[in-house]
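Accompanying notes for the structure given below.
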Protein chains: 2
Amino acid sequence: MATMHDVARLAQVSVSTVSYVLTGTRPISQATRNKVLAAMAQLDYQPNAMARGLASRRSRILGLLMPMDERGLGATETAFVTGAAAAASVAGYHLVLSPVGGGNLDDLRRLASQRMLDGVVLMEVQLADERVTVLQEAGVPLVLIGRTGDTSTLSYVDIDFDQTVREAVAHLVGLGHRRIVYVNHSAATLASGYGPALRTRDAFTAAMTGHGLEPVMIAAEDSAAGGRAALAAAFAQAPELTAVLAMNETAIFGILGELTGRGLSVPDDVSVVSMVTSPQVAELATPALTAMTSPGSALGRIAIEALTRHLDGPADLRHQQLLPCALEIRGSTAAPRSRQPMGADQ
Amino acid sequence: MATMHDVARLAQVSVSTVSYVLTGTRPISQATRNKVLAAMAQLDYQPNAMARGLASRRSRILGLLMPMDERGLGATETAFVTGAAAAASVAGYHLVLSPVGGGNLDDLRRLASQRMLDGVVLMEVQLADERVTVLQEAGVPLVLIGRTGDTSTLSYVDIDFDQTVREAVAHLVGLGHRRIVYVNHSAATLASGYGPALRTRDAFTAAMTGHGLEPVMIAAEDSAAGGRAALAAAFAQAPELTAVLAMNETAIFGILGELTGRGLSVPDDVSVVSMVTSPQVAELATPALTAMTSPGSALGRIAIEALTRHLDGPADLRHQQLLPCALEIRGSTAAPRSRQPMGADQ
DNA sequence: CCGCTTCGTCGAAACGCTTCGACGAAGTTC
DNA sequence: GAACTTCGTCGAAGCGTTTCGACGAAGCGG
């Protein structure tokens with residue numbers, strides 16, 4: 001493995017000159033630069049990342065911290081990752097994903113204090129998230145995908161849940177629906193302070209009230225069974241419902257199964273809209289789901305761009321931005337068949 | 001940020017003594033060790049990863065290289081990751097995931113040559129995979145999840161597709177099914193030399209022939225639409241089919257949708273078995289799918305263990321191991337309705 | 001009690017790079 | 001043309017570790 005010394009010797013310049021060619025921190029004449037580049041090519045030289053990091057005190061590695069539970073990464077989260085990776089590459093950084101769960105804060109502390117990451121993007125943030133505190137204490141530059149409760153001092157990119165819910169509700173109301181049930185994440189998830197669940201809940205209430213309608217929300221476990229149970233609960237609370245808005249990507253398949261099981265057809269009897277969903281998942285269902293498509297890779301890209309700007313630029317300005325999901329109409333929504341076809345439908 | 005010097009000064013020992021306490025490379029008296037540990041705690045000392053890596057020429061970072069396409073990571077792949085991360089942590093390594101696609105070989109070459117990764121686990125290996133060549137040339141220790149065509153010189157862990165298919169077919173045949181169609185990945189995927197697709201194809205042919213039955217295989221695009229098309233093709237080729245074995249986790253939802261659309265019920269009219277599937281995904285369908293459950297986290301764990309053994313141990317023995325998927329019977333398989341109402345229980 | 005290991009510790013030399021100060025050689029300014 | 005800058009390059013001092021050789025102090029067999 002060739003070192004800078006070897007390159008310098010071959011090019012007949014000093015080591016520092018080679019370094020300047022590489023980093024561009026000082027002007028180098030074209031002639032010298034060419035000699036150096038030729039030597040590098042000839043030796044197949046690759047700078048040693050560790051030495052570089054030690055001397056410059058920057059690793060040029062960015063971390064994308066995501067809790068990996070057994071549920072797996074949906075296409076939505078994957079889009080964050082690919083967007084972020086592309087942006088990091090453009091900015092001249094490596095992106096590494098670290099599967100730090102919520103449990104191992106010590107692991108996180110260690111990772112942060114070892115000065116191996118120049119900056120970090122944190123995914124799946126809770127309203128009160130200790131990981132944020134740990135990272136801030138360790139002095140690691142930080143951008144969130146999602147938001148904590150108090151966002152005043154932090155940079156973040158997040159989905160504009162308020163507008164997303166408003167658009168989804170408007171779509172259904174526009175079709176003529178009046179009884180709309182919102183299937184959210186589980187009660188436990190809500191209690192744990194998961195931002196998207198809480199924000200969409202409030203947004204749904206506001207949107208429905210704004211249309212003069214009564215908001216009905218059901219919390220569903222993240223599983224097909226949870227979805228089935230949620231639909232049963234929904235019919236119990238609102239027997240004449242004609243539309244379901246679902247945040248819970250996992251439960252939605254249970255919802256659809258249960259609907260079919262009850263002999264109800266989508267979208268003729270009940271319309272279904274899936275929130276914050278990727279086209280791939282929406283197409284999985286039959287009929288394909290009308291969905292609010294998450295701005296996936298844009299979120300990842302913007303987060304990384306904010307982070308690198310912070311690292312490379314002098315000013316440490318905060319970046320706070322919300323992106324709405326786009327309504328994509330597929331086969332799961334239609335005008336309600338009829339107001340009251342045959343009385344009470346238990 | 002405290003350095004080793006600070007610790008040494010506070011504990012009134014030399015820097016090297018602190019290092020020996022940390023690494024355990026030389027014996028240190030209990031008294032000295034305690035002084036040093038106390039000083040470290042007091043200063044909240046964390047070793048600098050870069051300096052460590054430079055001096056020791058080992059980063060203690062392992063890479064898990066996975067191509068991230070827009071399809072996202074299923075629960076299966078996520079299980080690899082969590083299993084691998086846990087094993088790495090136990091062995092005292094950090095695990096980072098690098099979303100290197102198939103395209104950017106240069107990126108990979110750079111990553112490998114920068115001596116930032118002590119070793120690498122490569123996922124989603126093709127039969128002929130250039131990434132393997134690149135990494136081998138760079139001299140990076142390597143373990144595969146999956147196999148290349150020529151495995152003679154490599155370490156790998158993979159699913160035992162042969163046995164998995166054999167068990168799945170045996171399950172269906174045992175129920176009395178005779179006309180079984182295998183829905184594989186797409187023709188393009190097959191042509192590209194994707195090991196699992198090719199190996200299961202051959203295993204299916206062998207298993208069916210072994211039972212004296214005719215193997216029918218359909219290639220399906222990785223999408224719900226692909227699944228629907230595949231089912232149509234299947235009925236065209238084998239009108240009297242009673243069972244479907246599907247490798248394609250994405251297409252399977254299309255298959256189920258199309259089955260329902262044709263007025264066929266699962267499992268009464270047609271049984272469905274999903275290959276290499278996680279319980280989470282199997283539960284998503286209605287009815288829940290009988291599936292060959294992939295040994296997810298075990299694969300990741302074993303790969304990392306083989307890698308660390310190679311790195312820490314002196315001998316560089318190859319590790320080659322196959323793990324079968326376990327049959328988990330759920331609601332999507334039953335005896336065929338018409339063929340043999342009762343009896344034929346071979 | 002004399003040589004021998006073994007134990008515990010130290011000082012110093014790497015590791016491969018960045019970065020700072022210095023310094024001729026040119027180019028500018030008045 | 002004296003006094004400044006600016007340009008292009010060099011040498012050397014780090015960056016925070018690990019690791020090697022050395023060296024007293026014990027411990028021990030004979």
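In what follows, every chain begins at residue 1, and chains take the letters A, B, ... in the order their sequences are listed.
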Under 4.0 Å between a side-chain N/O of [X] and OP1 or OP2 of [N], yes or no?
X     : N      : value
A/T17 : D/dC10 : yes
B/R52 : D/dT18 : yes
B/Y45 : D/dT17 : yes
A/S19 : C/dT18 : yes

Toward the 5' end of DNA chain C, by each residue's nearest nucleotide, A/Y20 or A/M4 | A/M4
Between B/S29 and B/A55, whichever has its closest DNA chain C nucleotide further toward 5' is B/S29
Spacing between [X] atom [atom1] and [N] atom [atom2], to the nearest angstrom:
X     : N      : atom1 : atom2 : result
A/R60 : C/dC17 : CZ    : P     : 16 Å
B/R57 : D/dT19 : CZ    : P     : 7 Å
A/H5  : D/dC10 : NE2   : C1'   : 12 Å
B/M50 : C/dA14 : CE    : C1'   : 19 Å
B/N48 : C/dC17 : CG    : C1'   : 14 Å
A/L43 : C/dG16 : CG    : C1'   : 15 Å
B/M40 : D/dG16 : CE    : C1'   : 15 Å
B/R58 : C/dC15 : CZ    : P     : 17 Å

Got A/D312 and A/Y93 here, is their nearest side-chain heavy-atom distance under 4.5 Å?
-> yes
Residue pair B/L22 / B/R52, side-chain heavy-atom distance below 4.5 Å | yes
Which nucleotide wins on minimum distance to the side chain of [X], given the candidates [options]?
X     : options                : result
B/P27 : C/dG8, D/dT18, D/dC10  : C/dG8
B/T23 : C/dT18, C/dG16, D/dT18 : D/dT18
B/L54 : D/dG16, C/dG11, C/dC17 : D/dG16
A/A51 : C/dC17, D/dT19, C/dT19 : C/dC17
A/T3  : D/dT18, C/dC17, C/dT18 : C/dC17
B/R26 : D/dG11, D/dC20, C/dG16 : D/dC20

Please step through side chain to side chain contact (heavy atoms under 4.5 Å, CB included) for the pair A/R199 and A/L127, ending with a clear verdict.
-> CA-CA 10 Å; A/R199 285 186 237 275; A/L127 280 191; 3.4 Å; yes
The single option from A/L97, A/L135, A/V121 that satisfies side chain to side chain contact (heavy atoms under 4.5 Å, CB included) with A/L65 is A/L135
Which residue, B/V21, B/N34, B/V13, B/V18, forms the side chain to side chain contact (heavy atoms under 4.5 Å, CB included) with B/I28?
-> B/V21
Classify the side chain of A/S16 and the base of D/dG11 as holding, or not holding, a donor-acceptor pair under 3.5 Å.
-> yes
Hey, is the side chain of B/S14 pairing donor to acceptor with the base of C/dG11 inside 3.5 Å?
-> no
Rounded to the nearest 0.5 angstrom, the CD1-CG distance for A/I302 and A/L323 is 4.5 Å
Which comes earlier along DNA chain D counting from the 5' end, the contact point of A/Q30 or that of B/V18, where each point is its nearest nucleotide?
-> A/Q30
